[in-house]
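Scroll down for the structure; my scribbles are underneath it.
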Amino acid sequence: MKKSLFESLNKDQKAALSHTDGPILILAGAGSGKTRVLTYKTAHLMTEKKIDGANILMVTFTNKAASEMKDRILKLLSANSQQPTANLPFAGTFHSLCAKILRRDGKHIGVLPNFVIYDEVDKKDAMKTIMNNKNISSKSFNPGSVGGSISGIKNELISPLEYPQYARGYYQETVAEIYIDYQKFLHENGALDFDDLLFETVKLFAKNPDVLSSYQEKFRYVLVDEYQDTNQAQYTLSKLFAGRYRNITVVGDASQSIYAWRGANFRNIVNFKNDFPDVKVFNLEQNYRSTQKILDAAFSVISKNTDHPILKLWTENEKGPSITVYEARDEQDEVNFAIKEMHKIIAEEKNYSYSSFVMLYRTNAQSRTIEEVFLHLGIPYILVGGVRFYERREIKDVISYLRVLVNPKDMVSFKRISKLGKKRLDKFLEFSTEFDISKLTTLEILDKTLEATDYLSLYNKDVEEDLARLENIKEVRSVATEFPAILDFLENISLVEQEYLPQNKPLFSHNKDDRKNAVTLMTLHAVKGLEFPVVFMVGMEEGLFPHARALMDREQLSEERRLCYVGITRAMKKLYITYAARRLYFGQRTSNIVSRFVLDLPSGIVESSLTETDYF
DNA sequence: GGTCACACAGTTTTT
DNA sequence: CTGTGTGACC
């Protein structure tokens with residue numbers, strides 16, 4: 001590696017990446033240059049150690065993170081004036097990796113290469129069908145929560161045959177029965193759900209040591225990002241991949257584990273040394289993102305957790321302004337206050353615009369009031385979250401037609417298109433025999449389907465809501481051009497959430513420049529991995545954050561605290577914390593007391609906004 | 001097969 | 001408050 005590249009890293013970062021072989025644990029604090037170390041390490045492996053990129057596996061938790069990694073590695077390699085390398089490392093999520101493995105080798109365990117991937121909506125539909133067949137009322141058993149339970153069981157790698165021995169009580173025993181039928185149903189439909197992608201791959205490896213062996217040979221170097229958020233299945237897969245060469249680097253921070261409710265277990269990172277006793281551990285504790293006061297605030301909140309290790313971050317950055325805490329009269333006053341502060345900052349400071357700000361809340365339900373105030377005042381914003389693009393009704397409808405073309409066994413999709421009208425279905429079935437889809441591009445198939453079924457006539461251009469749906473279908477068409485092979489297309493839309501395109505979202509302005517210049521609104525979960533110059537954390541009240549459901553449970557409270565830590569550490573320059581004395585929640589006026597997390601902030605770095613706010 | 005009224009529940013959501 | 005699901009009815 002070129003000296004200049006190496007020199008831009010600090011001592012700890014250099015140490016962490018120059019150790020290339022054997023098990024390595026990098027405890028990387030918020031804003032400590034984690035992605036940097038991972039990408040440099042990969043570049044280092046390729047250029048210095050002459051490792052073929054094809055022998056390196058990089059696993060991340062989002063596709064966005066994966067493509068960022070790829071971009072940055074490519075840049076590093078070309079900056080290092082390497083010949084354009086033929087092989088770049090595989091960088092992707094566990095799910096996309098497993099989908100690829102199963103398409104190739106799933107046949108050994110009865111997984112056919114044209115399987116479809118069921119998302120949460122499909123899963124719920126499947127669950128309803130099964131529960132109906134079993135005469136289980138969806139009143140006493142909510143299909144969504146049964147699905148969630150089964151997901152948890154699968155992530156623990158417990159099969160339908162094994163689960164009954166763990167099931168306790170009526171609910172779990174019923175889940176055990178549904179689980180058996182659900183797996184059978186998926187199999188009959190040629191479908192896998194997200195959890196199956198992982199579990200089936202583990203099974204494939206368990207039953208076919210030679211297949212496992214071929215992947216172990218291929219992936220001689222394994223790097224796993226966000227290791228604190230791995231579940232049992234992902235943890236097992238990591239160990240399997242690294243089982244032969246033991247060149248495994250895991251990166252993460254227990255304090256940022258916020259997906260326990262989804263099976264993530266931060267103990268996987270805490271106990272990594274039990275799995276690999278000869279592990280080399282590196283701590284990255286220098287923070288490049290935030291002011292000292294923000295780090296102090298974050299530390300004072302997270303240090304109340306005693307169930308996991310906590311990194312003590314430090315920075316060479318300035319101390320910065322105090323944390324502003326504001327008690328609003330109600331939820332509208334809260335947002336008005338935030339906007340007033342934004343305007344002050346924009347007016348007084350250079351280089352600040354609406355896009356410098358993010359407003360973070362605990363629950364999506366809170367976003368509506370916030371949006372209303374933004375709309376009312378005409379402030380541009382981008383709302384991240386809500387209904388996922390590919391789970392929107394019109395998208396699911398259109399995709400279902402395509403899925404049935406590819407996999408006629410898929411009854412969930414078939415049922416869905418059946419509900420779109422008898423005539424439409426007949427025309428579709430007639431049309432489906434007329435073409436050989438293997439000879440057509442995705443876009444051609446899509447357009448022919450839309451034409452044959454006259455699907456678009458369901459919507460009326462003059463109705464605003466319908467117009468948005470038509471726009472969304474247009475967006476699917478543009479994705480279709482990117483993936484001319486129908487199987488690739490279907491896999492992509494299953495595994496890759498569409499970017500948040502402002503035009504899908506209620507936006508104040510239709511002017512292109514204004515779109516970029518917008519305040520971001522999102523949940524605390526969604527902000528992980530991002531940073532903003534100014535962060536507003538709103539609704540800091542007991543019952544909202546920490547959420548009411550977490551109040552009675554130590555572990556859940558600990559996770560809420562980590563979530564708060566994640567929120568605080570997103571801020572680069574200035575942090576605002578607000579709560580409302582009274583708020584409208586589910587149509588009820590409630591008054592909550594201030595969040596314990598606010599009370600945990602050290603008084604020396606906090607100022608109440610009743611006084612003049614202190615800027616930069 | 002489609003529509004309407006009513007009841008009811010309502011964290012977070014990388015894939 | 002509001003989105004979703006259910007059951008009754010045309």
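Not measured: the values here are computed from a predicted model.
A side-chain contact (heavy atoms from CB on, under 4.5 Å) with A/T42 is found for one member of A/L223, A/L88, A/V37 and no other, namely A/L223. For the side-chain contact (heavy atoms from CB on, under 4.5 Å) criterion with A/V59, the lone passing option out of A/F90, A/F241, A/Y227, A/F94 is A/F94.
Between A/F266 and A/H308, the ring planes lie perpendicular to each other; the angle is over 60°, past the 30° to 60° tilted range.
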Side chain to side chain donor-acceptor pair (under 3.5 Å) between A/R424 and A/S457, intermediate numbers included: CA-CA 11 Å; A/R424 203 163 265 125; A/S457 69; 3.3 Å; yes

CA sep, side-chain torsions, deciding dist, call: A/Y455, A/D397, side chain to side chain donor-acceptor pair (under 3.5 Å): CA-CA 9 Å; A/Y455 178 78; A/D397 288 348; 2.6 Å; yes

Audit row: A/R554, A/S558, side chain to side chain donor-acceptor pair (under 3.5 Å) steps and yes/no: CA-CA 6 Å; A/R554 229 186 126 75; A/S558 166; over 6 Å; no

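Between the C1' atoms of B/dT12 and C/dG5, the separation comes to 23 Å (whole Å).
A/K423 comes within 4.0 angstrom of nothing in the nucleic acid, heavy atoms only.
Between A/F545 and A/T363 the shortest side-chain heavy-atom distance does not fall below 4.5 Å. In this structure, the side chains of A/P546 and A/R596 come closer than 4.5 Å at one or more pairs of heavy atoms.
No hydrogens or angles considered: a donor-acceptor pair under 3.5 Å links the side chains of A/Q228 and A/E226.
For the contact set between residues 152-160 of chain A and DNA chain B, defined by any heavy atom under 4.0 Å, there are no members.
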Base-contact (B) and sugar-phosphate-only (S) positions in nucleotides 6-13 of chain B, heavy-atom cut-off under 4.0 Å, - elsewhere: ----BBBB

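Where DNA chain C meets chain A (any atom under 4.0 Å from a heavy atom), the bounding nucleotides read 5' to 3' are C/dC1 to C/dT6.
Across all non-hydrogen atoms, the minimal contact from A/V594 to A/E542 is O-CG, 3.5 Å.
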